[in-house]
Peer 1: 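Take this structure, written in structure tokens, and hold onto it; I'll ask about it next.
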Amino acid sequence: MGRHEDMRTLDHLTARRSGDPRRSGAPGGPGDPATALVVSGPAGVGKTALVNRWLRRRAGSFGRILYADLAAHAPYGPAPAADVLERLLRALGVAPVPADPAERGTLWRALAAELPVAVLLDDAAGAAQVRPLLPAGGGSLAVVTSRGSLTALLADGAALHSLGALTPAAAVTLLARAGDGERTGREPHGAIDVVTLCACLPLPVRLAAAQLALHPEQPVGALAAALSRGLGQPGSSLRAEGHAAVSATLDESYRLLPPDAARTYRRLGLIPASACTPQLAAAVCDRAPGQAAADLATLVRAGLLEPSGRGGAYRFHDLVRAHACRRGERDETALTQEETVRRYADWCLHTATRATAVLAPRRHAPERDHRAPPPPTPAFAGEKAALAWLDAERHSLMAVLRHSAAAGWDTVCWQLADAMWPLFSRLNPSALWIEAHELGLAAARRAGSRAGEGRMLLSGAEGLREAGRYEEAAEWYALAGRHAEQDKDPHQRAEALDGLATTRLRVRELAGAEAGFRDALRLRAELADGHGAAHSRLGLGETALLARDWGRAVRHLARAQADLTAHGDGHGAARALTLLGQAKARAGDSSGGERELRTALAAFETLGAPDGQARTLELMGRVAQADGDRERARERYEQARKLARPLSPATVRRLEERLREL
């Protein structure tokens with residue numbers, strides 16, 4: 001509304017930067033792709049709404065339109081670029097996402113150039129955060145919103161547009177449409193006063209409109225008078241700069257709230273939640289679920305909450321959240337503030353534990369430390385819903401974990417890191433994985449929890465290993481093993497032995513890897529842990545394969561595949577088949593190797609694992625190449641390259657080299 005000229009400007013800038021011959025002479029020159037458009041302006045001016053409208057109009061120009069919240073002003077922000085890259089790659093179907101941030105960036109730029117894509121990078125903190133996320137051309141475009149102008153991105157080929165306030169006429173139209181058009185039509189001077197007091201910024205104008213809708217008996221002029229008192233003085237200050245206008249409208253909205261809704265508003269402002277549901281509000285604010293739902297409905301009508309797009313959940317605009325937090329810090333006692341955040345920590349711990357029970361039912365969770373009985377939390381419909389919740393709340397969970405470490409809630413700290421396990425193991429946000437376990441390990445030690453210390457060492461070691469920090473991973477696994485010996489915990493010792501052996505295998509320390517897998521296998525056999533023993537045998541088979549001991553590799557891998565199948569581990573069984581096919585082919589049984597690889601390929605297709613399919617097809621190509629069947633080898637490598645393109649630049653480069661060798 002009232003943004004037609006801004007929309008035309010964005011069209012013009014994009015045409016100039018994409019080399020439209022009618023727009024020559026623009027910065028960067030004709031033919032240069034538009035790396036980015038930066039739309040800057042004060043908080044509440046409507047940057048995100050404008051860009052969303054503009055991108056929807058241009059949807060046909062891009063293969064995909066993606067959204068990424070850079071969270072510059074979120075309570076847990078700003079988001080690290082590596083974390084944003086992980087989300088963008090997963091949105092494009094990449095699984096698993098590479099752990100290395102540089103490889104993530106390479107893969108993102110390759111995919112963006114191929115598709116092409118438009119990506120909205122919303123609420124950027126600065127150029128350094130944005131730069132790794134920019135596409136490399138090929139028709140893709142990043143549109144960045146920020147309160148700062150980000151002029152440093154001019155060097156990266158960006159075009160800049162500063163978004164100003166609405167015109168008074170457009171602001172009055174917005175006030176009428178969002179509030180009460182008949183009343184504003186009867187009181188045009190009062191409407192002009194209101195939007196002027198709102199600095200003609202969309203956010204405060206919408207808040208004012210919500211007040212008019214909630215109080216049909218209130219004259220428009222009375223609202224203008226109330227806002228004027230909030231700004232402190234009349235006259236020229238009525239054209240208030242943005243922060244004062246937003247603050248005045250928020251103060252007036254808060255003043256008019258019923259006491260229960262006001263209390264819920266300010267207490268929710270104290271917690272770092274990315275979204276709010278009636279269940280969460282009930283737990284955090286110590287309200288019955290029905291009462292909490294009524295409070296949230298009141299806040300929505302007042303314009304203080306808005307739908308989050310996540311199934312019945314709501315969120316604060318970052319300016320509204322900051323205001324709610326200030327009211328909480330001002331109007332609640334220190335004891336109540338602490339209790340509110342602790343209730344939220346309990347909510348997070350209990351909900352994450354329920355998600356883990358869905359995603360990793362074999363992973364036993366110790367009894368959790370709740371100050372009060374566990375609050376009501378959502379029941380997850382299945383693995384997809386449970387993982388989606390962990391993913392959406394990852395930064396809120398980490399904020400609670402950090403707060404717990406600082407506040408001395410040590411048991412909550414390590415248990416929350418433990419409850420986030422499926423997020424770490426499935427999505428591999430390596431920086432968060434390692435940070436959570438470093439904090440969790442220190443907290444478990446302070447709490448004197450031997451069980452907590454052991455769990456943090458084992459899962460933290462895996463995070464270090466998946467991040468490629470092999471020496472540190474080996475140290476953590478060795479500590480976990482000694483810890484298990486002291487506690488006479490053979491299950492933990494077997495896990496530590498297997499994890500350390502896997503780490504040694506990654507760096508080709510084959511003798512150490514074999515010894516570790518053998519020790520783990522022996523211990524797991526004594527414990528009658530058939531599933532764990534099958535994984536240790538799989539490790540022995542892979543070690544023998546790398547040592548070129550084909551016969552031993554075939555024996556171990558055939559047994560591992562049968563045992564993993566018996567235990568219902570489809571992914572592990574398919575991986576064993578892939579290695580078994582490779583071992584048989586190397587041992588001279590080409591037809592047997594091809595048969596196992598075909599079976600593995602079908603299994604990975606059923607599992608929906610494109611990385612496994614690509615790896616298996618590459619091995620099938622190598623078998624064909626060794627047999628002298630160059631045409632079949634070329635076909636397999638091409639199929640593998642197509643699958644690997646959205647997954648791993650390193651794999652694509654290796655396959656292209658193999659194709660050149662044919």
Peer 1: Is there side-chain contact between L464 and H437, with at least one heavy-atom pair below 4.5 Å?
Peer 2: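 Side-chain contact under 4.5 Å: no.
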
Peer 1: Output the distance between atom CZ (R586) and atom CH2 (W550), rounded to the nearest 0.5 Å.
Peer 2: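 Between R586 CZ and W550 CH2, I get 4.5 Å after rounding to 0.5 Å.
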
Peer 1: R575 pairs by side-chain hydrogen bond (donor to acceptor under 3.5 Å, both in side chains) with which of H535, Q561, E542?
Peer 2: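 Considering H535, Q561, E542, a side-chain hydrogen bond (donor to acceptor under 3.5 Å, both in side chains) with R575 is found only for E542.
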
Peer 1: Under a 4.0 Å threshold between the charged nitrogen and the carboxylate oxygen, would R90 count as salt-bridged to E86?
Peer 2: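 Yes, E86 and R90 are salt-bridged.
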
Peer 1: Roughly how far, to the nearest 0.5 Å, is the CG atom of L397 from the CG atom of L423?
Peer 2: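 The CG atom of L397 is 8.0 Å from CG of L423, to the nearest 0.5 Å.
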
Peer 1: Check whether any side-chain N or O of R552 sits under 3.5 Å from a backbone N or O of A544 as a donor-acceptor pair, and report yes or no.
Peer 2: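 Pair absent, no side-chain N/O of R552 close to backbone of A544.
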
Peer 1: Would one find more than 12 heavy atoms of other residues, nucleotides or ligands at under 6.0 Å from atom CD of E367?
Peer 2: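 Check fails, neighbour count at 12 or below.
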
Peer 1: Give a yes or no on whether a salt bridge exists between E472 and R469, defined as a side-chain N under 4.0 angstrom from a carboxylate O.
Peer 2: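 A salt bridge is present here (some side-chain N lies under 4.0 Å from a carboxylate O).
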
Peer 1: Any chance you could measure Q415, atom CD, to R368, atom CZ, to the nearest 0.5 Å?
Peer 2: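 The distance works out to 5.0 Å.
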
Peer 1: Run the numbers on Q613 and T616 for side chain to side chain contact (heavy atoms under 4.5 Å, CB included), then give the verdict.
Peer 2: CA-CA 5 Å; Q613 294 175 60; T616 305; 5.9 Å; no

Peer 1: Please find the pair of heavy atoms, one from R64 and one from A91, that lie closest to each other, and give the distance.
Peer 2: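 Closest heavy-atom pair between R64 and A91: NH2-O, 3.0 Å.
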
Peer 1: Does Y637 form a side chain to side chain contact (heavy atoms under 4.5 Å, CB included) with E656? I'd like the steps, not just the answer.
Peer 2: CA-CA 8 Å; Y637 289 150; E656 288 174 344; over 6 Å; no

Peer 1: Any carboxylate oxygen within less than 4.0 angstrom of a Lys/Arg side-chain nitrogen, looking at E485 and R482?
Peer 2: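 Judged by the 4.0 Å cut-off on N to carboxylate O distance, E485 and R482 do not form a salt bridge.
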
Peer 1: May I ask you to decide whether D391 forms a salt bridge with R87, counting only side-chain N to carboxylate O separations under 4.0 Å?
Peer 2: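 Counted as a salt bridge, because a side-chain N and a carboxylate O are separated by less than 4.0 Å.
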
Peer 1: Ignoring hydrogens and geometry, is there a side-chain-to-backbone donor-acceptor pair from D627 to D629 under 3.5 Å?
Peer 2: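 Absent.
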
Peer 1: Would you indicate whether the side-chain heavy atoms of E495 and Y477 approach each other to under 4.5 Å?
Peer 2: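 Contact flag for Y477/E495 side chains = no.
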
Peer 1: Taking all atoms of both residues into account, what is the closest heavy-atom pair of A640 and L655, and its distance?
Peer 2: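 So the two residues come closest at C-CD1, 3.6 Å.
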
Peer 1: Using a 4.5 Å cut-off on heavy atoms from C-beta on, say whether the side chain of P101 contacts that of L85.
Peer 2: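 A side-chain contact is absent here, since even the closest heavy-atom pair is not under 4.5 Å.
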
Peer 1: Measure up the W389 and F380 rings against each other and bin them: parallel (under 30°), tilted (30 to 60°), perpendicular (over 60°).
Peer 2: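 Correct class here is tilted.
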
Peer 1: So that I can tick it off, tell me whether D346 and R343 are bridged by a salt bridge, with the cut-off set at under 4.0 angstrom between side-chain N and carboxylate O.
Peer 2: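 Result for this pair is no, no salt bridge flagged.
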
Peer 1: For salt bridge (Lys or Arg N to Asp or Glu O under 4.0 Å), just list the numbers for R465 and D498, CA-CA rounded to whole Å, side-chain angles, deciding distance to a tenth of an Å, and then say yes or no.
Peer 2: CA-CA 13 Å; R465 186 182 71 211; D498 201 273; over 6 Å; no

Peer 1: Are R632 and Q625 close enough that some pair of their side-chain heavy atoms sits under 4.5 Å apart?
Peer 2: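 A side-chain contact is absent here, since even the closest heavy-atom pair is not under 4.5 Å.
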
Peer 1: Tell me whether the centres of the aromatic rings in W409 and H403 are closer together than 6.0 Å.
Peer 2: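 They qualify: ring centres under 6.0 Å apart.
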
Peer 1: Decide yes or no for L70 and P78: does some side-chain heavy atom of the first lie under 4.5 Å from some side-chain heavy atom of the second?
Peer 2: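 A side-chain contact is absent here, since even the closest heavy-atom pair is not under 4.5 Å.
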
Peer 1: Specify the closest pair of heavy atoms between A275 and E393, including all atoms of both residues, with the distance to one decimal.
Peer 2: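 Between these two residues, the closest heavy atoms are N-OE2, 4.1 Å.
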
Peer 1: Whether D418 and R363 form a salt bridge (side-chain N of Lys/Arg under 4.0 Å from carboxylate O of Asp/Glu) is what I want to check.
Peer 2: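 Counted as a salt bridge, because a side-chain N and a carboxylate O are separated by less than 4.0 Å.
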
Peer 1: For E635, is there an ion pair with R630 - N to carboxylate O distance below 4.0 angstrom?
Peer 2: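 No salt bridge links R630 with E635.
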
Peer 1: Working note: R450 + Q486, criterion side-chain hydrogen bond (donor to acceptor under 3.5 Å, both in side chains); need CA distance, chi angles, decisive distance, verdict.
Peer 2: CA-CA 10 Å; R450 297 287 296 176; Q486 293 166 3; 3.1 Å; yes

Peer 1: Salt bridge between E453 and R446, side-chain N to carboxylate O under 4.0 Å?
Peer 2: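 Answer for the salt bridge query: no.
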
Peer 1: Look at the rings of H395 and Y76 and say which category their plane angle falls in: under 30° parallel, 30 to 60° tilted, over 60° perpendicular.
Peer 2: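 Rings of H395 and Y76: parallel, under 30°.
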
Peer 1: Salt bridge between E594 and K584, side-chain N to carboxylate O under 4.0 Å?
Peer 2: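 Answer for the salt bridge query: no.
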
Peer 1: Verify, without hydrogens or angle tests, whether R109 (side chain) and P135 (backbone) share a donor-acceptor contact under 3.5 angstrom.
Peer 2: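 Checked: no pair found.
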
Peer 1: Do the side chains of R394 and D83 get close enough for a salt bridge, i.e. N-O under 4.0 angstrom?
Peer 2: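 A salt bridge is present here (some side-chain N lies under 4.0 Å from a carboxylate O).
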
Peer 1: Within this structure, what is the CZ-OG1 distance for the pair R508 and T543, rounded to the nearest 0.5 Å?
Peer 2: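 Taking CZ in R508 and OG1 in T543, the distance rounds to 9.5 Å.
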
Peer 1: Verify side chain to side chain contact (heavy atoms under 4.5 Å, CB included) between E462 and W421, making sure each step is shown before the conclusion.
Peer 2: CA-CA 11 Å; E462 185 174 355; W421 164 253; 2.8 Å; yes

Peer 1: Would D563 and R559 pass as an ion pair if we require N to O under 4.0 Å?
Peer 2: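 So D563 pairs with R559 through a salt bridge.
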
Peer 1: Quick check for you: to the nearest 0.5 Å, what is the distance between M398 atom CE and S404 atom OG?
Peer 2: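 So the gap between those two atoms works out to 11.0 Å.
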
Peer 1: Would you say that V117 contacts W108 through its side chain, given a criterion of any heavy-atom pair below 4.5 Å between the two side chains?
Peer 2: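 The answer is yes, as the side chains (C-beta and beyond) meet within the 4.5 Å cut-off.
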
Peer 1: Tell me, with the steps shown, if R660 and E657 meet salt bridge (Lys or Arg N to Asp or Glu O under 4.0 Å).
Peer 2: CA-CA 5 Å; R660 283 192 291 269; E657 181 60 32; 2.8 Å; yes

Peer 1: Side chain to side chain contact (heavy atoms under 4.5 Å, CB included) for L564 and H567? Distances and angles first, verdict last.
Peer 2: CA-CA 5 Å; L564 288 165; H567 282 87; 5.8 Å; no

Peer 1: Is there side-chain contact between Y344 and S396, with at least one heavy-atom pair below 4.5 Å?
Peer 2: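 The answer is yes, as the side chains (C-beta and beyond) meet within the 4.5 Å cut-off.
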
Peer 1: Between E514 and R518, does at least one N-O distance fall below 4.0 Å, as a salt bridge requires?
Peer 2: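 Yes, charged N to carboxylate O under 4.0 Å.
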
Peer 1: Is any side-chain heavy atom of L619 closer than 4.5 Å to a side-chain heavy atom of L579?
Peer 2: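 In short, these two side chains do not touch, never coming nearer than 4.5 Å.
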
Peer 1: Between S449 (side chain) and A444 (backbone), is there a donor-acceptor pair under 3.5 Å?
Peer 2: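 Between the backbone of A444 and the side chain of S449 there is no qualifying donor-acceptor contact (under 3.5 Å).
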
Peer 1: Give a yes or no on whether a salt bridge exists between E618 and R622, defined as a side-chain N under 4.0 angstrom from a carboxylate O.
Peer 2: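 Salt bridge absent between E618 and R622.
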
Peer 1: So how far is it from L545 CG to H556 NE2, rounded to the nearest 0.5 Å?
Peer 2: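 If I round to the nearest 0.5 Å, the distance is 12.0 Å.
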
